[in-house]
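What follows is a single structure, written as structure tokens, with notes after it.
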8 protein chains.
Amino acid sequence: MIGWRARIGVLLPPDNAVLEVEANRLPLPGVSFNIARMFPVELGELPQDAPRHIPSLKECRVNFIVYACAASSFMFGPGSNDELERKIRKLSGLDAVTATSSMVFSLKALGIRKVALATPYWKELDEKLLTYFAAGDIEVVRMKSLQLDNWEAMNNQTPDAVYRLVRRADHPEAEGILILSTNLPTFEVLQVLEDDLGKPVVSTNQGMMWTACRKLGIRDGIPGFGSLWQRSSWSGQ
Amino acid sequence: MIGWRARIGVLLPPDNAVLEVEANRLPLPGVSFNIARMFPVELGELPQDAPRHIPSLKECRVNFIVYACAASSFMFGPGSNDELERKIRKLSGLDAVTATSSMVFSLKALGIRKVALATPYWKELDEKLLTYFAAGDIEVVRMKSLQLDNWEAMNNQTPDAVYRLVRRADHPEAEGILILSTNLPTFEVLQVLEDDLGKPVVSTNQGMMWTACRKLGIRDGIPGFGSLWQRSSWSGQ
Amino acid sequence: MIGWRARIGVLLPPDNAVLEVEANRLPLPGVSFNIARMFPVELGELPQDAPRHIPSLKECRVNFIVYACAASSFMFGPGSNDELERKIRKLSGLDAVTATSSMVFSLKALGIRKVALATPYWKELDEKLLTYFAAGDIEVVRMKSLQLDNWEAMNNQTPDAVYRLVRRADHPEAEGILILSTNLPTFEVLQVLEDDLGKPVVSTNQGMMWTACRKLGIRDGIPGFGSLWQRSSWSGQ
Amino acid sequence: MIGWRARIGVLLPPDNAVLEVEANRLPLPGVSFNIARMFPVELGELPQDAPRHIPSLKECRVNFIVYACAASSFMFGPGSNDELERKIRKLSGLDAVTATSSMVFSLKALGIRKVALATPYWKELDEKLLTYFAAGDIEVVRMKSLQLDNWEAMNNQTPDAVYRLVRRADHPEAEGILILSTNLPTFEVLQVLEDDLGKPVVSTNQGMMWTACRKLGIRDGIPGFGSLWQRSSWSGQ
Amino acid sequence: MIGWRARIGVLLPPDNAVLEVEANRLPLPGVSFNIARMFPVELGELPQDAPRHIPSLKECRVNFIVYACAASSFMFGPGSNDELERKIRKLSGLDAVTATSSMVFSLKALGIRKVALATPYWKELDEKLLTYFAAGDIEVVRMKSLQLDNWEAMNNQTPDAVYRLVRRADHPEAEGILILSTNLPTFEVLQVLEDDLGKPVVSTNQGMMWTACRKLGIRDGIPGFGSLWQRSSWSGQ
Amino acid sequence: MIGWRARIGVLLPPDNAVLEVEANRLPLPGVSFNIARMFPVELGELPQDAPRHIPSLKECRVNFIVYACAASSFMFGPGSNDELERKIRKLSGLDAVTATSSMVFSLKALGIRKVALATPYWKELDEKLLTYFAAGDIEVVRMKSLQLDNWEAMNNQTPDAVYRLVRRADHPEAEGILILSTNLPTFEVLQVLEDDLGKPVVSTNQGMMWTACRKLGIRDGIPGFGSLWQRSSWSGQ
Amino acid sequence: MIGWRARIGVLLPPDNAVLEVEANRLPLPGVSFNIARMFPVELGELPQDAPRHIPSLKECRVNFIVYACAASSFMFGPGSNDELERKIRKLSGLDAVTATSSMVFSLKALGIRKVALATPYWKELDEKLLTYFAAGDIEVVRMKSLQLDNWEAMNNQTPDAVYRLVRRADHPEAEGILILSTNLPTFEVLQVLEDDLGKPVVSTNQGMMWTACRKLGIRDGIPGFGSLWQRSSWSGQ
Amino acid sequence: MIGWRARIGVLLPPDNAVLEVEANRLPLPGVSFNIARMFPVELGELPQDAPRHIPSLKECRVNFIVYACAASSFMFGPGSNDELERKIRKLSGLDAVTATSSMVFSLKALGIRKVALATPYWKELDEKLLTYFAAGDIEVVRMKSLQLDNWEAMNNQTPDAVYRLVRRADHPEAEGILILSTNLPTFEVLQVLEDDLGKPVVSTNQGMMWTACRKLGIRDGIPGFGSLWQRSSWSGQ
């Protein structure tokens with residue numbers, strides 16, 4: 001039976017052309033990723049669109065749900081993000097995380113208190129992101145952005161553009177780097193970035209998949225996808 | 001850029017837990033499969049649900065659309081199937097095929113005139129399937145079914161159950177076998193079935209992915225996924 | 001010469017369709033497993049049937065004998081199990097272990113004092129198993145069963161069903177898990193279960209093969225078959 | 001489920017220490033070999049012992065039975081061999097072959113009319129073997145024997161002793177070589193013998209496994225185990 | 001000794017960031033590529049700059065020289081190209097080819113009479129290219145260009161951009177495709193393009209390296225770099 | 001894009017036939033080596049020739065420059081070497097090292113205070129080399145030379161000649177060995193020399209590539225190229 | 001048992017440092033090469049020294065003897081060579097070939113009538129070689145020599161020197177090349193030479209090992225050691 | 001050049017059919033083993049025969065000599081063994097060891113004070129071996145022998161016979177095992193013996209090759225050939 005360890009449901013923004021390929025690149029025997037593509041509403045309205053796709057995911061018996069949009073889960077602040085997460089859990093009767101929650105969860109699992117951010121976003125979203133972090137206990141020591149202003153461009157980036165962005169974003173005080181957005185392809189450069197920078201690098205897709213797996217009790221160590229996936233110990237939640 | 005050769009949009013029935021894993025198992029560099037999960041309506045109403053998910057697929061710039069439900073595309077006969085295909089093409093402005101059309105396309109590409117059918121369905125759907133074929137020029141010489149009456153059971157089958165079903169379905173006059181339904185996992189047994197039976201075996205997922213690729217001008221030969229994927233020549237359409 | 005390190009004789013219950021395949025999957029150069037299939041008597045009478053197959057095993061010069069039925073060696077309690085083991089040793093003039101003894105031997109080798117049990121059995125056998133453990137110094141903290149009531153069903157299980165059973169059987173206080181029965185295929189999931197649960201998992205076939213090898217002075221470490229086979233030190237007996 | 005393509009029951013002479021290792025060396029996914037070890041009666045009485053082990057094999061749901069003793073199936077001539085085969089089929093309700101029948105079947109499948117024989121036997125058995133062939137349409141052009149007079153010695157041979165025996169047994173007129181006895185380890189030298197002699201080499205174990213598979217509709221081509229296993233076409237029976 | 005089969009001298013335009021990596025990716029034991037980087041003069045003046053770098057190449061004992069700029073060797077027409085080639089031969093005392101000559105040589109080796117062109121150039125260079133071909137016996141049936149207007153952009157292209165350009169450039173009448181410019185990275189997509197288009201694809205770097213090797217009597221067949229490198233026969237010149 | 005991590009510009013002496021092959025043998029994804037071959041002037045005049053090739057390297061957007069001649073950077077003493085390095089940095093606006101500086105940098109990174117030297121040079125150059133080291137804080141405890149008197153001979157050496165030279169050059173007090181000259185092929189014997197001598201071995205090409213990478217923040221550990229490349233920690237500049 | 005297919009005795013000239021390494025590089029399971037090193041007599045007296053080493057080879061039960069000196073077997077002409085071969089056969093009671101006979105045997109097996117010769121010898125030996133061939137039916141169309149005048153130098157050659165010698169020795173009319181002397185290392189360049197020249201290349205060690213194997217009925221095809229070892233058919237002698 | 005790290009000369013007893021194959025199985029790049037086969041004199045006279053083969057070894061420029069007969073170097077006691085070693089060193093002008101010296105050297109390198117012996121010899125030789133050890137500071141705690149009385153039998157043993165001999169020879173007080181004789185094939189079972197016994201196992205061929213390499217400053221660690229070859233540190237002599 002396919003998905004015999006777990007089926008992970010994914011609420012995916014409509015433009016996303018990256019997550020499905022990256023998720024299936026992780027060598028996780030018995031784990032499947034099942035996608036529900038949300039409708040092309042305004043970015044800020046995605047949280048409202050999400051609930052109507054939950055019954056579809058339930059139909060294929062998923063065991064967990066990830067809300068795979070970073071921007072729409074951080075743009076209204078921590079309170080709204082928590083609210084969204086609670087709503088998905090309640091409607092689905094399953095455990096769930098948003099992209100934003102899982103990034104914070106991943107950074108904390110790595111013990112990172114000071115972070116540098118690399119984003120594909122335009123100025124407005126970057127500012128909302130900083131606001132989100134300002135409310136928590138992880139300090140942002142630098143942020144660099146590609147300043148792309150449309151989703152198609154974000155979905156067409158190459159990994160080496162991400163490499164150069166992250167090199168620019170790094171800062172001596174940063175204990176780790178966070179690459180924003182489920183639209184950026186990062187899996188091919190995560191390891192080389194960690195080697196070159198000598199510190200952990202977390203990306204939204206990597207952190208979200210890892211959080212889902214760890215919360216499901218799936219604890220494979222996988223080489224080549226950053227130090228997050230190589231951590232062997234986990235004290236659960 | 002991910003999906004640099006092509007992005008294939010998939011209109012997926014909500015219960016389906018198999019297609020996403022099988023599609024991503026095909027070693028097709030530069031090809032991505034982008035899923036839109038349809039809503040949990042009645043089986044016969046899926047063709048009506050399909051159109052509202054097309055804009056979502058357009059958002060991530062797919063180059064082709066497959067309608068990945070066999071039963072709801074053959075149950076109303078060839079006319080309705082053609083109509084559905086035309087509607088998707090028109091609404092999307094892209095080339096498209098249904099699961100049913102792609103199965104017929106695959107059988108014809110292999111030169112199969114007499115076929116044996118293996119299905120997971122219950123009696124009523126099996127009869128509709130026979131009716132569909134009766135209207136065309138491919139003769140059905142035998143049909144065997146698992147007689148499963150719910151979609152969850154169909155999605156939880158193991159490949160060796162499929163192997164035994166197909167062995168029972170084979171018939172000396174059959175020039176090839178067709179395994180129905182996008183819910184059955186077949187990729188692990190397609191090759192061994194062909195070796196044991198000495199004739200081509202087509203499954204819905206295999207035939208649908210192959211048809212989409214060939215129509216997009218993607219002509220990789222892939223060993224281990226049945227004779228369909230090993231065919232090197234193609235004269236297009 | 002085949003079996004140049006050791007030939008391990010196996011007294012196998014007649015229904016067993018699993019052990020021969022699992023035993024031969026272990027990469028143990030120079031070790032052979034030689035089977036004698038017992039007669040289809042009642043479960044409780046297998047210990048009486050065993051002796052008449054010992055001369056057959058002696059004919060091919062085995063160096064050790066395993067009595068490969070768990071249920072019939074634990075169902076009458078520790079005393080009967082010891083008696084059976086002694087009888088096989090006496091009749092064969094060789095060292096020997098029963099499935100039940102080897103499971104206890106394996107758990108102790110791993111230092112497990114509190115165990116969770118996963119079985120394929122029906123209620124009656126499960127109760128006898130608990131009675132057996134109650135008489136010793138290993139505490140059972142949870143037990144979950146498939147509640148199968150015929151041997152054919154037990155021999156036709158897939159590894160992923162075993163995975164889910166063991167996930168259900170785990171308990172926070174358990175220092176390890178024991179999967180009962182030589183009929184369940186466990187070799188494909190032992191390692192992933194240990195990774196996910198973060199504790200050792202022993203299955204009857206695994207523990208029995210390991211016990212036989214260690215008692216014969218065969219001490220290969222084998223990756224991928226659970227922590228038992230990866231242990232490098234052994235202080236013998 | 002283990003043995004999902006087929007389970008092949010084996011009635012094995014008690015002394016045999018070779019067949020179980022060789023059978024499991026064949027890379028045949030989904031095929032299992034299930035052993036019943038016969039009792040240590042006189043060689044000539046093995047056919048009488050065989051029936052009482054058939055119910056044991058039926059218990060694990062085998063799909064086919066091989067009678068894995070060459071000598072006791074040829075020593076009484078073709079009529080007795082056919083009778084034995086019929087008896088096993090009748091008692092089991094399954095298709096079956098003896099070691100002797102499968103050797104003849106294999107030689108004919110390879111189109112061999114003139115054969116050289118290599119045996120481990122003593123004079124008396126060699127003569128009975130010649131008598132057996134004299135009654136059929138395959139001509140024996142040479143025979144060489146190890147002249148071993150006990151079964152333990154036969155089961156302890158090394159492959160290179162078999163290599164040298166077969167080199168001595170070859171004859172310019174022989175279209176192929178047949179190596180007798182299920183006790184001789186031949187799998188490691190079959191291919192090199194064929195390369196050196198430039199003609200097919202059949203051994204009892206190889207031919208018996210191949211015959212069972214082909215009659216079950218299992219038609220894998222396997223490199224490295226002689227030309228018999230590399231034949232891709234088969235017209236059945 | 002490094003370069004024991006041959007040392008190939010390369011006169012490289014100063015901006016080129018691609019050829020050195022691609023040339024060294026070819027698995028050619030005993031062959032080295034030795035670079036002389038020309039001075040940053042105007043494109044049209046590169047042929048005048050080339051001679052002053054020939055003595056440098058002679059110092060490391062190259063056996064052959066390639067003039068690795070396509071545009072400056074075709075922009076003045078066939079006569080000037082031949083003149084440039086003759087001058088390099090005379091000054092160096094070695095055999096030599098220009099990028100342009102080697103492309104024509106490669107197309108003819110593949111028997112291509114009608115070609116489609118894919119270029120990174122701007123309009124003016126594209127027109128000069130068409131003029132060059134108009135003077136010979138290879139017919140251009142289509143041309144598509146990236147219309148890049150600076151060399152840095154050309155040197156920063158990714159292989160998938162080249163893939164899409166070539167797909168656009170193909171034409172049913174074209175017997176093959178020629179990708180222009182030593183600045184475009186093509187080695188990662190040459191094979192997949194040939195598979196998808198069903199016809200040979202030649203790129204400047206591929207054709208130039210191949211021509212140099214063939215003229216030096218180095219005739220390795222290399223899989224994965226297009227049909228040119230897989231050709232086993234060569235009747236020299 | 002080729003060279004997406006970094007493009008390293010190389011000012012190469014004209015006779016050099018070794019560096020281009022060795023540099024491209026290092027498995028450094030995303031790093032390219034871009035060559036400018038200097039003019040065939042007298043050895044001592046190479047530092048004067050270097051500047052006129054810097055604009056060529058700038059054209060292909062290199063991120064760093066190495067001056068790849070050992071002799072001409074040490075023959076005039078530390079002051080001139082520093083002056084040369086400063087000049088290249090100033091003219092290029094990029095960070096840069098000479099072969100000589102990078103050797104010293106590498107030895108110090110390995111904590112070597114006493115070194116044995118192996119050179120291909122004739123007496124005069126050897127003496128200048130000793131003079132250079134005499135001015136610094138690394139003590140030379142032995143020096144052995146091939147006493148070759150022409151550059152062609154130096155470029156045609158085989159790795160095993162280097163092995164024997166280094167074995168002769170080793171001295172019990174040496175904490176490491178330095179192999180001089182960018183003309184000697186050393187990559188195939190660096191590791192075996194370290195294993196046999198039990199101490200680090202640095203060669204000019206190895207040390208120069210490593211220094212460039214480390215200064216660019218490229219910190220891959222590469223097995224098989226000496227202990228320098230296996231060092232994981234680096235504390236910058 | 002080591003050498004279970006065959007043990008090949010080798011009468012080796014004392015200076016030879018090459019044959020033992022090359023012979024053991026051939027992947028020939030069950031074949032061993034057993035060396036007797038002849039005494040350091042004059043080249044012309046080696047045939048007289050050979051007999052006293054035959055009893056040593058007989059002690060380890062060799063099945064065949066090769067006289068592994070080319071020069072001393074051709075320098076006195078075909079009659080003396082035949083006489084030497086007969087003497088070794090008579091004294092040993094085994095089949096035997098000289099280096100010279102096996103080279104002729106190999107050329108004829110490849111159907112070569114016109115040959116080019118590459119030798120390491122000085123003028124006098126080259127002339128004797130030509131005289132030898134003049135007496136037979138293979139025509140020498142060109143000969144090139146390294147003109148080495150001592151055996152130590154011959155034994156210290158590198159494969160790339162052999163490559164360049166053979167490239168010089170080739171001639172358009174030559175149907176194949178013969179590389180003389182058991183002292184030259186040729187196994188690393190045989191295949192690349194055949195690829196570059198487009199014709200078979202035979203070397204003394206290659207041809208001698210092949211002849212011994214074929215005469216012993218050992219017919220492995222081995223890729224990478226020239227077309228001689230890839231020939232699958234052999235009609236014996 | 002073959003043997004570029006070292007050429008090791010071997011004075012080999014005439015019957016030996018094992019050492020040449022085992023020595024060449026060691027993956028030691030640049031190291032060659034050059035054999036001189038001694039004459040078939042009485043065992044006790046081999047030390048007298050040895051000197052006349054030293055000039056042959058000198059002809060191929062060996063760097064070291066091993067006297068590869070255990071029995072004839074221990075049978076006359078430590079004094080004679082030392083004398084033989086001195087004589088070979090003096091006559092050759094090279095460093096040298098006998099089989100016996102190298103075994104003692106290897107045991108001491110492993111820190112073994114109490115040893116168990118496994119030999120192929122007959123009683124008389126076994127007693128002389130014990131006498132030899134009695135004179136030194138390594139205590140023999142057990143000895144088991146194959147009691148073979150002719151050299152041909154010794155040279156035809158299989159590795160699994162050696163395995164069983166060593167298992168019998170082991171003793172709880174033994175800190176390691178020594179397998180005698182250069183005629184026994186041990187390389188295939190050394191590692192499995194060490195794993196099963198949990199202590200180092202030295203064989204004559206293994207210890208002799210290792211001693212020669214270590215004395216030549218060749219310090220490769222090689223997995224799979226016993227703990228001796230895996231030792232990384234060496235303090236020389």
Side-chain angles (χ1 to χ4, degrees), chain C residues 1-4 6-26 28-41 49 52-63 151-161 183-188 205, chain D residues 1-4 6-26 28-41 49 52-63 150-161 183-188:
Chain C
M1 155 185 166
I2 285 180
W4 52 268
R7 293 175 182 167
I8 297 175
V10 180
L11 292 163
L12 192 68
D15 60 283
N16 193 295
V18 170
L19 182 144
E20 288 158 297
V21 167
E22 293 205 329
N24 284 289
R25 200 171 280 172
L26 290 168
L28 289 164
V31 177
S32 66
F33 295 95
N34 301 100
I35 308 297
R37 188 171 297 269
M38 291 187 283
F39 286 164
V41 297
D49 184 63
R52 80 171 108 171
H53 298 278
I54 292 176
S56 309
L57 291 176
K58 293 283 288 184
E59 276 296 290
C60 76
R61 306 298 187 258
V62 299
N63 307 103
W151 297 106
E152 183 176 5
M154 291 191 199
N155 279 288
N156 287 357
Q157 295 303 304
T158 52
D160 52 82
N183 307 113
L184 287 188
T186 63
F187 281 27
E188 288 179 43
N205 282 342
Chain D
M1 157 186 163
I2 285 182
W4 51 270
R7 294 176 181 164
I8 297 174
V10 180
L11 292 163
L12 192 67
D15 59 282
N16 193 295
V18 170
L19 180 144
E20 287 157 299
V21 168
E22 294 205 326
N24 283 288
R25 199 170 281 170
L26 290 168
L28 288 164
V31 177
S32 66
F33 295 94
N34 302 100
I35 308 297
R37 189 170 296 270
M38 291 187 281
F39 286 164
V41 298
D49 184 63
R52 79 171 110 172
H53 298 277
I54 291 176
S56 309
L57 291 176
K58 294 283 289 182
E59 275 295 290
C60 75
R61 306 298 187 255
V62 298
N63 308 103
N150 70 85
W151 297 106
E152 183 176 6
M154 289 189 201
N155 278 288
N156 288 358
Q157 295 303 303
T158 51
D160 50 83
N183 308 113
L184 287 189
T186 62
F187 280 27
E188 291 179 41

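Quick caveat: nothing in here was measured; it's all calculated off a predicted structure.
There is no contact between D:Leu12 and chain C, counting heavy-atom distances below 4.5 Å. Heavy atoms closer than 4.5 Å to chain D are found in the backbone of C:Gln157, but not in its side chain. Contacts between C:Asn34 and chain D at a heavy-atom distance below 4.5 Å involve backbone atoms as well as side-chain atoms. Contacts between C:Leu19 and chain D at a heavy-atom distance below 4.5 Å are absent for every atom of the residue.
Most heavy-atom pairs under 4.5 Å with chain D: of the set C:Met38, C:His53, C:Glu59, this distinction falls to C:Glu59. Top candidate by heavy-atom pairs under 4.5 Å with chain C, chosen from D:Val18, D:Thr158, D:Ile35, D:Asn183, is D:Ile35. Listed options C:Val10, C:Leu57, C:Asp15 were ranked by heavy-atom pairs under 4.5 angstrom with chain D; first place goes to C:Asp15.
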Q: Please lay out, stage by stage, how D:Phe39 and C:Phe39 fare under the test ring pair (Phe, Tyr, Trp, His ring centres under 6.0 Å).
A: CA-CA 12 Å; D:Phe39 286 164; C:Phe39 286 164; 5.7 Å; yes
Q.
Would D:Arg37 and C:Arg37 count as a side-chain contact (heavy atoms from CB on, under 4.5 Å) here? Give the steps.
A. CA-CA 6 Å; D:Arg37 189 170 296 270; C:Arg37 188 171 297 269; over 6 Å; no
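Heavy atoms only, all atoms of each residue included: C:Arg7 and D:Asn155 are closest at NH2-O, 3.5 Å. C:Pro185 approaches D:Ile2 most closely through the heavy-atom pair CB-CD1, 4.0 Å. Scanning all heavy atoms of the two residues, the minimum distance from C:Asn205 to C:Glu22 falls at ND2-OE1, 3.1 Å.
Looking at residues two or more places apart in sequence or on another chain, you find a side-chain hydrogen bond (donor to acceptor under 3.5 Å, both in side chains) between C:Glu188 and C:Arg25.
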